[in-house]
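Worksheet for the structure shown next.
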There are 2 protein chains.
Amino acid sequence: MLSQKGRYALHALLVLAAQKNGEPMMIADIAEKARVPRKFLEQILLELRKRGILRSQRGRQGGYMLGRSAKEISFADIIRVTDGPLALSPCVSVTAYQRCEDCEDEATCAIRKALLAARDATAAVLETQTLAGASSTPRRTRRGA
Amino acid sequence: MLSQKGRYALHALLVLAAQKNGEPMMIADIAEKARVPRKFLEQILLELRKRGILRSQRGRQGGYMLGRSAKEISFADIIRVTDGPLALSPCVSVTAYQRCEDCEDEATCAIRKALLAARDATAAVLETQTLAGASSTPRRTRRGA
DNA sequence: TTAATCTCTATTGACTCGATAGAGATTATA
DNA sequence: TATAATCTCTATCGAGTCAATAGAGATTAA
């Protein structure tokens with residue numbers, strides 16, 4: 001399950017993705033449109049910015065905008081920031097790989113095999129789904145698979 | 001990420017799946033072979049039993065055995081017991097569905113679409129991988145697909 | 001100069017996680 | 001029938017995480 005933070009982040013980013021090009025949007029506005037507690041959202045946006053998913057402008061007339069084009073921000077990118085690796089075990093994580101301490105042989109570990117297949121399947125989907133594809137589509141009914 | 005409980009459960013069940021037919025195995029033995037703290041394992045096995053994945057025999061000569069054939073116990077079954085639904089959001093969970101309180105329309109929610117695709121992909125893999133497929137195969141090369 | 005913003009860090013309460021403990025119930029067997 | 005060997009159940013603990021709130025600091029447009 002995603003954390004609340006993760007859900008908030010997805011909502012906020014979709015709001016930002018729907019914003020007219022480049023225009024920064026204030027935290028307060030994002031909070032209202034995405035229905036996220038404002039102070040909590042501040043922390044989330046800050047983290048997303050540090051990870052390059054958002055850019056910000058400080059001071060008057062400031063606000064947040066996407067750090068790169070919407071089609072280059074995948075759900076996987078976002079979820080990894082808010083909820084950590086997609087993988088079910090560190091030994092199959094691409095972004096946070098870590099060997100299991102007492103694993104005898106990674107190559108033959110049955111658990112690892114299964115979890116690796118699961119990770120690959122999940123990542124394949126979430127890396128394909130981007131803010132561009134998801135944002136309130138200018139397309140017709142996009143009943144995408 | 002899986003919880004420690006989930007990892008322990010997988011290890012323990014693989015140990016049980018490798019056991020000669022029907023023979024009950026004592027908690028203490030499973031704990032040793034699976035390298036799991038014994039008292040913690042007790043709780044895990046108890047839960048797996050309540051969910052039908054294991055059967056037990058009490059008293060002397062007692063122990064645990066698989067609740068059904070190894071090929072009918074999938075990784076998904078196990079993980080759902082120890083770590084909850086595979087889905088990233090209740091609104092796309094098959095086993096624990098729950099509507100998002102403030103979701104305007106499930107049919108068009110972009111987030112839901114993405115998370116549903118992710119869930120389906122993950123479930124497809126984890127429901128296919130079973131204890132039979134994973135346990136130290138009596139097959140020849142054990143380099144199983 | 002000042003008001004409007006984002007930035008950073010701390011704090012709080014509730015909850016979960018991993019683990020340990022121990023008394024209770026059941027059963028094979030001597 | 002007595003007993004030892006098992007599983008069963010519930011409570012407890014400390015550490016950590018999660019969701020949320022708070023407030024002082026830094027930056028910038030006007």
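Letters go in sequence order (proteins before strands), and every chain restarts at 1.
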Base, backbone or nothing for each nucleotide of nucleotides 19-30 of chain C, written B, S, -, heavy atoms under 4.0 angstrom, 5' to 3'? BBBB-BBBBBS-

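Taking atom CZ of B:R49 as the reference point, atom P of D:dT6 lies 18 Å away to the nearest angstrom. Put simply, CD1 on B:I27 is 15 Å from P on D:dA5, counting in whole angstrom units. Atom CD1 of B:I44 and atom P of D:dC7 are 15 Å apart (whole Å). The CE-P distance, from B:M26 to D:dA4, rounds to 17 Å in whole Å. Rounded to whole angstrom, the span from the CG atom of B:L2 across to the P atom of C:dG18 amounts to 10 Å. For the pair B:D83 CG and C:dT16 P, the interatomic distance rounds to 14 Å; values are reported in whole Å. When the C1' atom of D:dT6 is taken as reference, atom CE of B:M65 falls 12 Å away, rounded to whole Å. A straight line from CE of B:M25 to P of D:dT6 spans 13 Å, rounded to a whole angstrom.
Between B:Q61 and B:P24, every side-chain heavy-atom pair lies at or beyond the 4.5 Å cut-off. Counting heavy atoms from C-beta outward, B:T82 and B:E47 have side chains that stay 4.5 Å or more apart. In this structure, A:L13 and A:L54 have side chains that are in contact, with non-hydrogen atoms separated by less than 4.5 Å. Between B:I79 and B:L126 there is a side-chain heavy-atom pair separated by less than 4.5 Å.
For B:S56, a side-chain nitrogen or oxygen approaches OP1 or OP2 of D:dT8 to under 4.0 Å. Between B:K5 and C:dT16, a side-chain N or O to OP1/OP2 separation shorter than 4.0 Å is absent.
Within 6.0 Å of CD on A:E32 lie no more than 12 heavy atoms contributed by other residues, nucleotides or ligands.
Partners of A:R119 according to the side chain to side chain donor-acceptor pair (under 3.5 Å) rule, which considers only residues two or more places apart in sequence or in another chain, do not exist here.
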